[in-house]
Amino acid sequence: MTSNGSVQGWFSGRLPEGWFEAAPEVVLDREEITVVGRLPEPTVVEDVSEGVRAGAIAGHLQRFREDTRDQRIAIAREAEHRFGRKVSWGVECGDQREMFTTLSVPVMTRLRQPERRVLDTLVEAGVARSRSDALAWCVRLVGKNADEWLGELREALQHVERARASGPAV
């Protein structure tokens, strides 16, 4: 099993210097590695409107995306070969976060009628286009509202992973 630390380290060493202000955020699951780096804010004249500032940041993000496309593709191919997962890219600048690529993975689930009715209600109310969208909406809502608890759970899982790694070889 590949640890988040080893993947984080590989990306920190592999990415060109100067791309990001600090080491990128690297998150992985069974199928995907997400790499999000923080860009420095573009230089703008002092006392500009929020619209001008937001436009400068949007242009900065787009320029970075276009200027680094070939290198990001090459690095993603190396990582996909090394870690057996697809790579998604994104950046943050100011208060904006933009994902360039993301992976949508089908997830099989079995729901009883009460759970299906919840999804169908969300679809009928126009909150979601389909049951799949409704389920994704519910997962995002739980993730947002249970963020602290999920963080504690992920931390506990890291302890389990370290304990497994330090145990006897099978």
[X] side chain near [Y] side chain, heavy-atom distance below 4.5 Å:
X	Y	value
Val91	Trp19	no
Ile75	Pro16	yes
Glu32	Arg85	no
Thr34	Ser88	yes
Cys93	Pro42	yes

Scan residues 102-127 for pairs that pass side-chain hydrogen bond (donor to acceptor under 3.5 Å, both in side chains), counting only residues two or more places apart or in two chains.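 Sorted pair list: Asp120-Arg131.
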What verdict does the side chain to side chain contact (heavy atoms under 4.5 Å, CB included) test give for Trp89 and Val36, after you've listed the backbone C-alpha separation in whole Å, the side-chain angles of each residue and the deciding distance to 0.1 Å? CA-CA 6 Å; Trp89 296 94; Val36 180; over 6 Å; no
Donor on one side chain, acceptor on other, Gln96 and Glu92, under 3.5 Å: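 Per modelled atom types, Gln96 and Glu92 side chains form no pair under 3.5 Å.
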Separation of [Y] [atom2] from [X] [atom1] (nearest 0.5 Å):
X	Y	atom1	atom2	answer
Ile57	Asp95	CD1	CG	6.0 Å
Ser130	Trp137	OG	CH2	14.0 Å
Leu153	Glu155	CG	CD	10.5 Å
Ser6	Arg82	OG	CZ	8.0 Å
Phe100	Glu66	CZ	CD	9.0 Å

How are the rings of Phe83 and Phe11 set to each other: parallel, tilted or perpendicular (split at 30° and 60°)?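 Taking Phe11 first and then Phe83, their aromatic rings lie parallel (interplane angle under 30°).
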Carefully, step by step, assess Leu122 and Cys138 under the rule side chain to side chain contact (heavy atoms under 4.5 Å, CB included). CA-CA 10 Å; Leu122 293 171; Cys138 291; 3.6 Å; yes
Other members of the hydrophobic cluster containing Val105, with the 4.5 Å side-chain heavy-atom rule, please.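 When side chains under 4.5 Å apart are linked, the cluster holding Val105 also contains Leu103.
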Lys/Arg-Asp/Glu bridge criterion (N-O < 4.0 Å) met for Glu41, Arg53: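 A salt bridge is present here (some side-chain N lies under 4.0 Å from a carboxylate O).
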Any Lys/Arg nitrogen of Arg154 or Glu161 sitting under 4.0 Å from an Asp/Glu carboxylate oxygen of the other?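 Salt bridge: no.
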Compare every heavy atom of Pro40 with every heavy atom of His60, then report the nearest pair and how far apart it is.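 Between these two residues, the closest heavy atoms are NE2-O, 3.0 Å.
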Considering all heavy atoms, the nearest Leu119-Leu135 contact: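 For Leu119 versus Leu135, the nearest heavy atoms are CD2-N, 3.6 Å.
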Counting only N and O atoms by type, is there a donor-acceptor contact under 3.5 Å from the side chain of Thr68 to the main-chain atoms of Gln71?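 Checked: no pair found.
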Hey, is CZ on Arg77 packed in by over 12 heavy atoms from elsewhere, all under 6.0 Å?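 It does not: Arg77 CZ has 12 such atoms or fewer within range.
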Tell me whether the count of non-hydrogen atoms from other residues, nucleotides or ligands lying under 6.0 Å of NE2 in His159 goes above 12.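 Yes.
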Given the rule that I, L, V, M, F, W and Y join up when any side-chain heavy atoms are under 4.5 Å apart, are Trp10 and Leu15 in one cluster?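 Yes; Leu15 is reachable from Trp10 via cluster members.
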Please answer: with hydrophobic residues joined when any side-chain heavy atoms are less than 4.5 Å apart, are Val127 and Leu141 in the same cluster?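 Yes; Leu141 is reachable from Val127 via cluster members.
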Going through the checks in order, is the salt bridge (charged side-chain N to carboxylate O under 4.0 Å, His left out) test met by Lys86 and Glu80? CA-CA 5 Å; Lys86 292 292 183 184; Glu80 288 166 8; 3.8 Å; yes
Criterion side chain to side chain contact (heavy atoms under 4.5 Å, CB included) on Val35 and Val87, from CA distance to verdict: CA-CA 7 Å; Val35 181; Val87 176; 4.2 Å; yes
Among all residues two or more places apart in sequence or in another chain, which pass the side-chain hydrogen bond (donor to acceptor under 3.5 Å, both in side chains) test with Glu50?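 Partners of Glu50 by the side-chain hydrogen bond (donor to acceptor under 3.5 Å, both in side chains) criterion come out as none, since no residue qualifies.
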Begin from the C-alpha positions of Leu61 and Arg65 and carry the test side chain to side chain contact (heavy atoms under 4.5 Å, CB included) through to its verdict. CA-CA 6 Å; Leu61 298 178; Arg65 182 179 189 171; over 6 Å; no
